[in-house]
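Structure first, then comments.
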Amino acid sequence: METIVQNIQGVPLNHYILFCSVIFTIGVIGVLIRRNVIIIMMSVELMLNSVNLLLAAFSAYSGDSAGQVFVFFVMALAAAEVAVGLAIIVMVYRNTRSVDINALNRLRW
Amino acid sequence: MSVFYFVAFLSIFFALMTIFTKNPVHSVLYLVITFFTFTVHYILLNAQFLAVVNFIVYMGAIMVLFLFVLMLLNLNKDTEPLKSNLVKFMSVIAGMCLLVTLAGSFRVLESSEPIVLKNPDIGLVSNLGKVLFSDFLLPFEISSILLLTAMVGAVLLAKNDPKKI
């Protein structure tokens, strides 16, 4: 364990923030460029994960364990979100025979 | 120290592969690898409980759920709907604008202090459990109600109703 602790010493917090912003941006781009609903939900998972990692990094930085507990709650929330979201996708697929997000435009105007 | 940069590069690479691969099944598999690199990040931060939970919940449960639905709906490369190239280009530009805005706002911080684990034991299971069951007991119980609600809702939504409304 000592080597692991030695390994992380010296990475600036700014690099963690920048790395998590890059992953978050990749998630946003994924939501924007894909039309498959399942891939869009995966991109949302990517965004949630980047925020989780940043919370854990801040928690380790300030020596407070509340951040890691909060990450645990976010993971529980993500599991619930995925279960409900995939159930909705299955229901939509049963009705429209596709997972195209453009087929779901009845509430547009 | 250089381990972090290597794993961060792998995370970004596989995240990009996730959103740019045409085949949805490959996309899910790349997302699994991305989550594995996040597990490595948690181990590097000495957050062992979060590493194990991330491994089990994300890579085990959530990704299997995604893959299961993807194969249940029989999606593959041929049925994949694609946006036009113009929309893709504009989306990437918009995302890059978001990244530039975020990075520009972080320049104000300029507190580039390295992470020093002042208290390396906070991520261990026993310490997190003590905090979770003393300070955060009420949110913990409420999250169990949330999971129960999600389970009931998922069953209700996905159930094939014989008498259609």
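So that the names make sense, note that chain A is the first sequence line, chain B the second, and so on, each numbered from 1. Bear in mind the structure is a predicted one, so any value in this text is a computation, not a measurement.
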Find the one option among L128(B), L50(B), V69(B) whose heavy-atom pairs under 4.5 Å with chain A are most numerous. L50(B)

Is L77(A) in contact with chain B via its backbone, its side chain, both, or neither, using a 4.5 Å heavy-atom distance? both

When heavy-atom pairs shorter than 4.5 Å are enumerated against chain A, which of N127(B), I12(B), L132(B) gives the highest number? I12(B)

Portion of D64(A) that has a non-hydrogen atom of chain B nearer than 4.5 angstrom: backbone

Does any heavy atom of chain B fall under 4.5 Å from the side chain of Y93(A), the backbone, both, or neither of them? side chain

I need the residue from V155(B), L73(B), L146(B), T34(B) with the largest number of non-hydrogen atom pairs under 4.5 Å to chain A. L73(B)

For residues Y16(A) and F4(B), establish whether the separation of their ring centroids is below 6.0 Å. yes

Which of the residues A103(B), A61(B), G95(B), G153(B) is involved in the greatest number of heavy-atom pairs with chain A at under 4.5 angstrom? G95(B)

Given a strict heavy-atom distance threshold of 4.5 Å, which part of L65(B) is in contact with chain A: side chain, backbone, both, or neither? both

Heavy-atom proximity to chain B below 4.5 Å, by part of V28(A): side chain

Contacting region of I23(A) [heavy-atom separation from chain B under 4.5 Å]: side chain

Is chain B contacted by the side chain of I39(A), its backbone, both, or neither, given a heavy-atom distance below 4.5 Å? side chain

If you take the centroid of each ring, where Trp contributes its six-membered ring, are F38(B) and Y58(B) closer together than 6.0 Å? no

Sort S21(A) into side chain, backbone, both or neither according to what part of it lies under 4.5 angstrom from a heavy atom of chain B. both

Side chain / backbone / both / neither for D135(B) at chain A, heavy atoms under 4.5 Å: neither

Counting only heavy atoms closer than 4.5 Å, note whether T18(B) contacts chain A via side chain, backbone, both or neither. both

Examine whether an atom of R94(A) lies under 4.5 Å from a heavy atom of chain B, and if so say whether it belongs to the side chain, the backbone or both; otherwise answer neither. side chain

